Amino acid sequence: MAKQKEDRYRATLNLPKTDFPMKADLPKREPETLARWDREKLYARILEKSKGRPRFILHDGPPYANGHIHIGTAFNKILKDLVVKSHFMLGHYSPYIPGWDCHGLPIDLQVEQELGTDKEKISKLEYRRRCREHAQKYLNIQREEFRRLGCLGVWEKPYITMDYDYEATITREFRKLVERGFVYRGLKPVFWCASCQTALAEAEVEYADLTSPSIFVKFAIADDTPGLPPETRGKKVSLAIWTTTPWTLVANLAVCLHPDLDYVAVQIPNGEVLVMAEGLVLQGMAEMDIEGYQVLGPVSPRDLEKKTCRHPFLNRDSLIILGEHVTLEAGTGCVHTAPGHGQEDYEMGLKYGLETFSPVDDKGRFTSEAGYLVGEMVFKADAQVAAELQKSGALLKSRSISHSYPHCWRCGKPIVFRATPQWFIGMEKGDLRKKALAEIKKTRWIPAWGEDRISGMIQNRPDWCISRQRIWGVPIPAFYCLSCGEVRLEPALIEHVAGIYEARGADAWFELSASELLPPGTKCAKCGGDKFEKEKDILDVWFDSGSSFAAVCERRPELAYPVELYLEGSDQHRGWFHSSLLLSVGTRDRAPYAGVLTHGFTVDGEGKKMSKHLGNVIYPSEVIDKYGAEIVRLWVASEDYRDDIRISPEILERLAEAYRKIRNTFRFLLSNLYDFHPEKDSRPFTELPEIDRYLLHRLSEVEKRAVQSYREFNYYPVFHALHNFCVVDLSAFYLDILKDRLYTFPADSADRRSAQTVLYLVLENLLRLAAPILSFTAEEAWLALPSLPGREPSVHLALFPEPRPEWENPGLAETWEKLIAVRGEVLKALEKERKEKRLGNSLEARVILQPPAELKDLLSKYQPELRYLFITSAAEIGEVGSGEGFESPDLKGLRVRVQKAPGQKCERCWSVSEKVGQDSAHPTLCERCLVAIKKTLG
RNA sequence: GGGCCUAUAGCUCAGUUGGUUAGAGCGCCCGCCUGAUAAGCGUGAGGUCGGUAGUUCGAAUCUACCUAGGCCCA
């Protein structure tokens with residue numbers, strides 16, 4: 001209590017007081033808050049409280065249960081949390097059920113690698129058990145990582161695609177598609193390892209240099225084919241093609257030209273004519289060692305379309321087709337096309353109705369369809385094909401080259417591209433493509449260009465190949481008759497299997513025999529046989545996650561179908577949005593969502609992709625350890641997610657600074673509310689001083705802006721509005737001016753209580769507005785608010801502030817904005833004096849204003865307020881001679897003179913007054929403080 | 001190579017239907033205060049709007065091309 005001499009009156013001031021720490025200590029405090037939320041079952045209470053309100057469902061896109069989360073995953077989850085929390089506070093029922101995608105290749109491959117050669121020793125069932133374990137392990141890890149970010153949701157009961165129930169639903173959704181006739185079996189080329197006798201996924205293929213034959217071959221065409229120049233008449237004309245896989249010529253069905261490239265007919269010394277792309281003549285002739293050739297004239301590729309050429313050594317024709325994939329990079333511009341042996345070839349084959357011809361068996365040997373080459377290994381057949389070409393005179397040139405070629409990552413052998421039977425969902429069946437496109441139009445895409453993007457993809461995509469030759473997934477529930485080979489893919493049988501899955505999961509497919517999986521007494525409809533074999537393929541994982549609207553939204557009582565929003569990165573236009581749309585349209589004739597929001601990808605400070613190689617990777621765990629999850633949340637809220645999202649040490653440092661400013665503002669507000677009881681001390685709005693009402697006007701503007709932005713899923717305007725309000729309106733203006741009133745006026749005076757009324761309202765409302773973003777800090781400050789019965793025990797149980805029309809006062813705002821502009825000029829004048837070393841603290845000053853005509857009335861009217869507004873000891877209206885004082889460059893005609901304020905500095909309030917010393921009992925106090933302490937001391 | 005998208009001060013963002021010296025906050029420089037103190041306040045300096053060429057009386061804002069970057073295909 002014993003104050004120093006110069007602090008005699010300190011005890012009579014109402015200085016700020018609070019336990020709310022300036023230092024956030026987020027990495028330490030956040031886990032404590034999370035634990036408390038857990039204990040108090042905060043999320044259950046939120047759901048309970050909002051039950052019955054209009055639903056707003058954000059359906060979670062399941063991340064893949066593999067590895068730790070990265071900064072992009074964190075961004076995505078926090079963005080979802082902003083949507084969900086803000087919609088709760090907007091007055092919705094917005095339950096969030098997180099999910100995980102558990103089946104699929106990445107886990108399958110990882111488990112396979114971990115097993116190494118042990119894979120051969122264990123059963124498929126045991127293998128799947130290990131995959132399940134792996135998925136569960138990472139699901140648990142990621143769940144903790146997501147929770148640590150402060151994201152709320154039903155974490156104890158998420159949806160999991162490997163749950164038995166979910167697996168049964170996948171199978172039932174598949175059944176519906178079968179029922180509706182979307183599913184068919186067809187051929188499609190896949191990577192095939194002849195040594196392992198297995199199909200390979202893209203990820204299982206490694207590229208390495210390989211020496212291959214490089215041959216140029218003639219495909220003869222009639223000399224009177226339209227599109228050829230007249231000079232070719234009577235000559236032997238051929239399309240020249242180039243290939244590095246001669247054996248695939250056996251399966252050649254077409255030669256492809258680019259519709260828009262220039263082609264020419266070239267006569268070579270033996271009198272024959274070759275057709276090739278003009279841009280490749282020079283290079284091609286050199287490679288074929290042909291000299292002395294002569295270009296006869298242009299060839300029109302479009303005229304050649306659907307004409308035929310002659311297979312070089314088999315007794316059949318090949319079709320001439322057009323494709324945009326043809327390039328001038330190598331070869332001749334005429335591309336040998338074997339639909340059974342190449343992806344582009346396959347697609348071109350579909351387009352032109354060619355057979356997916358692939359006369360090669362599992363072991364990489366030609367089948368009888370290949371005629372005399374039957375039984376021959378395809379790579380070994382290269383030489384025989386070359387010999388055949390030589391014999392028929394179609395071989396232009398043969399040499400060998402070294403190039404990059406796909407190899408099996410297990411056995412290291414070169415692989416082949418080979419057509420195998422696969423299961424498909426037909427895009428044209430039941431107008432699937434058309435219906436999907438129509439549904440896209442009805443959906444709200446945020447940003448709007450998402451519509452073009454996904455429409456383009458749906459427009460151009462081939463049929464969906466849904467079969468995968470792996471183990472870790474949901475089996476395709478087809479059966480094959482062992483005696484006649486007939487395929488059985490029937491709704492009733494599928495439904496039977498789905499029923500089994502409910503109790504035992506899809507493992508049952510591997511555990512039970514075909515007869516155990518089929519209803520008793522099932523017989524082959526064709527041959528009457530009763531022995532069946534199970535399909536070996538599983539479903540594409542996109543089928544799993546794409547079924548979530550059925551497995552989750554329709555089945556969880558708190559959710560519904562369709563939902564309001566799907567929200568993921570823009571890669572999901574090809575992924576989850578896409579598969580969900582096709583499955584939902586295929587089974588229910590509508591999109592599963594009313595809206596789809598996409599965000600960009602996280603990149604570094606320069607806008608470059610993050611990679612270990614570049615050393616620019618930022619890990620969420622590191623940011624959390626250094627700054628806290630709150631800063632990650634602030635980052636998510638501060639960036640415009642429509643574009644790529646940048647993150648760098650500098651960005652984080654800036655955000656940490658912005659955070660400190662906001663936190664300190666909260667703290668300062670709290671520290672001046674220690675003796676304020678909202679119920680009994682609040683002053684009526686109409687009796688508040690003008691500046692207080694002006695501040696509430698500003699607050700209502702910020703509220704409107706922020707709430708509107710939340711409604712539109714725009715978060716960075718909220719961040720900017722809150723930050724700017726704290727910095728500009730509060731810290732630099734209102735609070736700075738208010739200190740005098742808060743500290744020096746009697747504690748219970750109307751003036752001080754008015755100020756506190758505003759501070760309380762400002763803080764209480766700012767915390768609500770900040771809560772979705774600064775979930776930890778808003779809660780911490782909320783709990784430090786002066787107590788008020790009936791207030792929600794957590795800020796996350798509160799709603800956003802209601803609009804306050806009575807606070808809005810544009811006329812008042814206009815007046816005060818003018819005063820603030822004058823204030824700015826006065827501050828410049830004061831700063832000028834300070835530079836001249838004539839002034840330190842502004843309270844040493846008296847300012848004299850000479851206003852221009854348009855400000856004269858205003859400033860005269862507010863003259864008594866001005867000294868407080870400027871935080872000087874006096875402010876008067878008067879004459880300032882030209883050339884004297886400070887002339888405002890912005891407010892034309894405003895002149896400001898700064899003088900030393902006359903009198904002495906009051907020991908208590910520090911302002912300078914000529915009336916200091918009037919009372920001999922308090923010789924160091926000014927007139928204002930005399931009044932104040934008499935009230936305070938009684 | 002194709003589809004979709006992005007490009008305003010060191011950072012995060014504003015810039016209505018093209019029209020006076022392109023704005024805000026932060027950061028930075030310098031200074032003040034010491035009753036928000038690992039705080040608070042103030043002044044100031046920084047962009048010609050990714051580049052080029054057009055349309056126009058006039059463009060950051062419209063068009064074309066180019067460059068850089070991102071996602072998805074190939």
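Chain identifiers are assigned alphabetically (A, B, ...) following the order of the sequence lines, protein sequences preceding nucleic acid strands; residue numbering begins at 1 within each chain. Predicted model only: the values in this text are computed from it and were never measured.
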Under 3.5 Å, which N/O atoms of the protein pair with N/O atoms of nucleotides 1-3 of chain B?
residue	atom	partner	partner atom	Å
G3(B)	N2	Arg453(A)	NH1	2.6

Q. What interatomic distance, in whole Å, is found between C1' of G47(B) and the corresponding atom of G10(B)?
A. 11 Å
Q. Can you check the Asp643(A) CG to C5(B) P distance for me, whole Å?
A. 12 Å
Q) With sugar-phosphate meaning primed atoms plus P, OP1 and OP2, does Glu639(A) contact a base, only sugar-phosphate, or nothing at under 4.0 Å between heavy atoms? A) sugar-phosphate
Q. If we take the P atom in both A45(B) and U55(B), what is their distance in whole Å?
A. 37 Å
Q. Which nucleotide in the list A36(B), U34(B), G10(B) gets nearest to the side chain of Lys905(A)?
A. U34(B)
(Q) Using whole Å, what does the distance between atom P of nucleotide C71(B) and atom CD1 of Ile454(A) come to? (A) 18 Å
Q: Round to the nearest Å and state the distance from Ile662(A) atom CD1 to C26(B) atom P.
A: 12 Å
Q) Which whole number of Å gives the distance between the C1' atom of G15(B) and that of U21(B)? A) 16 Å
Q. For Phe417(A) and A74(B), what is the distance between atoms CZ and C1' respectively, to the nearest whole Å?
A. 13 Å
Q) Would one find more than 12 heavy atoms of other residues, nucleotides or ligands at under 6.0 Å from atom CG of Asp19(A)? A) no
(Q) Which heavy atom of Leu767(A) sits nearest to which heavy atom of Ala778(A), and what is that distance? (A) O-CB, 3.6 Å
Q) Closest to the Lys608(A) side chain: G35(B), G69(B), A39(B)? A) G69(B)
Q) Say you pick atom C1' in A38(B) and the same atom in G44(B); how far apart are they, in whole Å? A) 26 Å
Q) How is Arg663(A) classified with respect to the nucleic acid when contacts are heavy atoms under 4.0 Å: base, sugar-phosphate, or nothing? A) nothing
Q.
Taking the six-membered ring for Trp, are His922(A) and Tyr9(A) closer than 6.0 Å centroid to centroid?
A. yes
Q: Determine the Euclidean distance between corresponding C1' atoms of A39(B) and C32(B); express it in Å to zero decimal places.
A: 15 Å
Q: Determine the Euclidean distance between corresponding P atoms of U6(B) and U16(B); express it in Å to zero decimal places.
A: 16 Å
Q: Side chain of Tyr743(A) only, please: which of C5(B), G35(B), U12(B) is the nearest?
A: G35(B)
**Q.** A9(B) and C49(B), which share atom name C1', separated by this distance in whole Å
**A.** 10 Å
Q.
Which residues pass the side chain to side chain donor-acceptor pair (under 3.5 Å) test with Glu657(A), not counting sequence neighbours?
A. Arg654(A)
Q: Could you pull out all residues at least two apart from His258(A) that satisfy side chain to side chain contact (heavy atoms under 4.5 Å, CB included)?
A: Asp260(A), Leu261(A), Tyr263(A), Glu324(A), Val326(A)
At a cut-off of 3.5 Å, list every protein nitrogen or oxygen paired with a nitrogen or oxygen from nucleotides 62-65 of chain B, distance to 0.1 Å.
none

**Q.** Ring geometry between Phe719(A) and His723(A) (parallel below 30°, tilted from 30 to 60°, perpendicular above 60°)
**A.** parallel
Q: Pick base, sugar-phosphate or nothing for Leu13(A), based on heavy-atom distances below 4.0 Å to the nucleic acid.
A: base
Q: Return the set of residues passing salt bridge (charged side-chain N to carboxylate O under 4.0 Å, His left out) with Glu653(A) (not counting sequence neighbours), or none when no residue passes.
A: Arg660(A)
Q) Glycosidic conformation of G25(B), syn or anti, with 90° from 0 as the boundary? A) anti
Q | Sugar-phosphate only, base, or nothing, as touched by Gly600(A) at under 4.0 Å among non-hydrogen atoms | A | nothing
Q. Which word best sums up how the rings of Trp576(A) and Tyr566(A) line up, parallel for under 30°, tilted for 30 to 60°, or perpendicular for over 60°?
A. parallel
Q. Counting any heavy atom closer than 4.0 Å, what does Asp640(A) reach on the DNA or RNA strands: base, sugar-phosphate only, or nothing?
A. sugar-phosphate
(Q) I need the CD-P distance between Glu836(A) and C30(B), as an integer number of Å. (A) 19 Å
**Q.** Those residues that, when tested against Lys739(A), pass salt bridge (charged side-chain N to carboxylate O under 4.0 Å, His left out) (two or more places apart)
**A.** Asp736(A)
Q | Rounded interatomic separation in angstrom, taking CG from Asn616(A) and P from G69(B) | A | 13 Å
Q) Rounded to whole angstrom units, what separation is found between the CZ atom of Arg461(A) and the P atom of C73(B)? A) 11 Å
Q: Can you tell me which stems RNA chain B forms, taking runs of 3 or more consecutive Watson-Crick or G-U pairs with both distances under 3.5 Å?
A: B:1-7 with B:67-73, B:10-13 with B:23-26, B:30-32 with B:40-42, B:50-54 with B:62-66
Is there any protein nitrogen or oxygen under 3.5 Å from a nitrogen or oxygen in nucleotides 40-43 of chain B, and what are the pairs?
residue	atom	partner	partner atom	Å
G40(B)	OP1	Lys661(A)	NZ	3.1
G40(B)	O3'	Ser731(A)	OG	3.0
G40(B)	O2'	Lys739(A)	NZ	3.1
C41(B)	OP1	Ser731(A)	O	3.2
C41(B)	OP1	Ser731(A)	OG	2.4
C41(B)	OP1	Ala732(A)	N	3.2
C41(B)	OP2	Lys661(A)	NZ	3.2
G42(B)	O2'	Glu831(A)	OE1	3.1
G42(B)	N2	Glu831(A)	OE2	3.2

Q.
For a quick check of understanding: with a heavy-atom distance under 4.0 Å over all strands, which category does His723(A) fall into, base, sugar-phosphate or nothing?
A. sugar-phosphate
**Q.** Non-neighbouring partners of Asn724(A) that pass side chain to side chain contact (heavy atoms under 4.5 Å, CB included), sequence neighbours left out
**A.** none
**Q.** side chain to side chain contact (heavy atoms under 4.5 Å, CB included) involving Thr443(A) - partner list, sequence neighbours excluded
**A.** Trp445(A), Ala591(A), Tyr593(A), Val596(A)
Q) Does Leu735(A) or Asn724(A) map to a spot on RNA chain B nearer the 5' end, using the closest nucleotide for each? A) Asn724(A)
Q. Looking at Arg867(A) and Ser873(A), what are the two nearest heavy atoms and their distance?
A. NE-O, 3.2 Å
(Q) If I pick the P atom on C13(B) and the same atom on G46(B), what distance separates them, to the nearest angstrom? (A) 25 Å
Q) Does the pair Glu907(A)/Arg8(A) count as a salt bridge with the N-to-O cut at 4.0 Å? A) yes
Q: Answer with base, sugar-phosphate or nothing: what part of the nucleic acid does Arg667(A) contact at a heavy-atom distance below 4.0 Å?
A: sugar-phosphate
Q: Taking side chain to side chain contact (heavy atoms under 4.5 Å, CB included) as the test, write out the residues that go with Asp345(A), two or more places apart.
A: Thr337(A), Ala338(A)
Q | Criterion salt bridge (charged side-chain N to carboxylate O under 4.0 Å, His left out) against Glu887(A), the qualifying member of Arg895(A), Lys832(A), Lys892(A) | A | Arg895(A)
**Q.** Non-neighbouring partners of Glu780(A) that pass salt bridge (charged side-chain N to carboxylate O under 4.0 Å, His left out), sequence neighbours left out
**A.** Arg29(A), Arg663(A)
Q) Rounded to whole angstroms, how far apart are NZ on Lys837(A) and C1' on C32(B)? A) 9 Å
Q: Have a look at Ser671(A) and say if it touches a base, only the backbone sugar-phosphate, or nothing, with a 4.0 Å heavy-atom cut-off.
A: nothing
Q) When you match Asp571(A) and Glu344(A) each to their closest nucleotide on RNA chain B, which lands nearer the 5' end? A) Asp571(A)
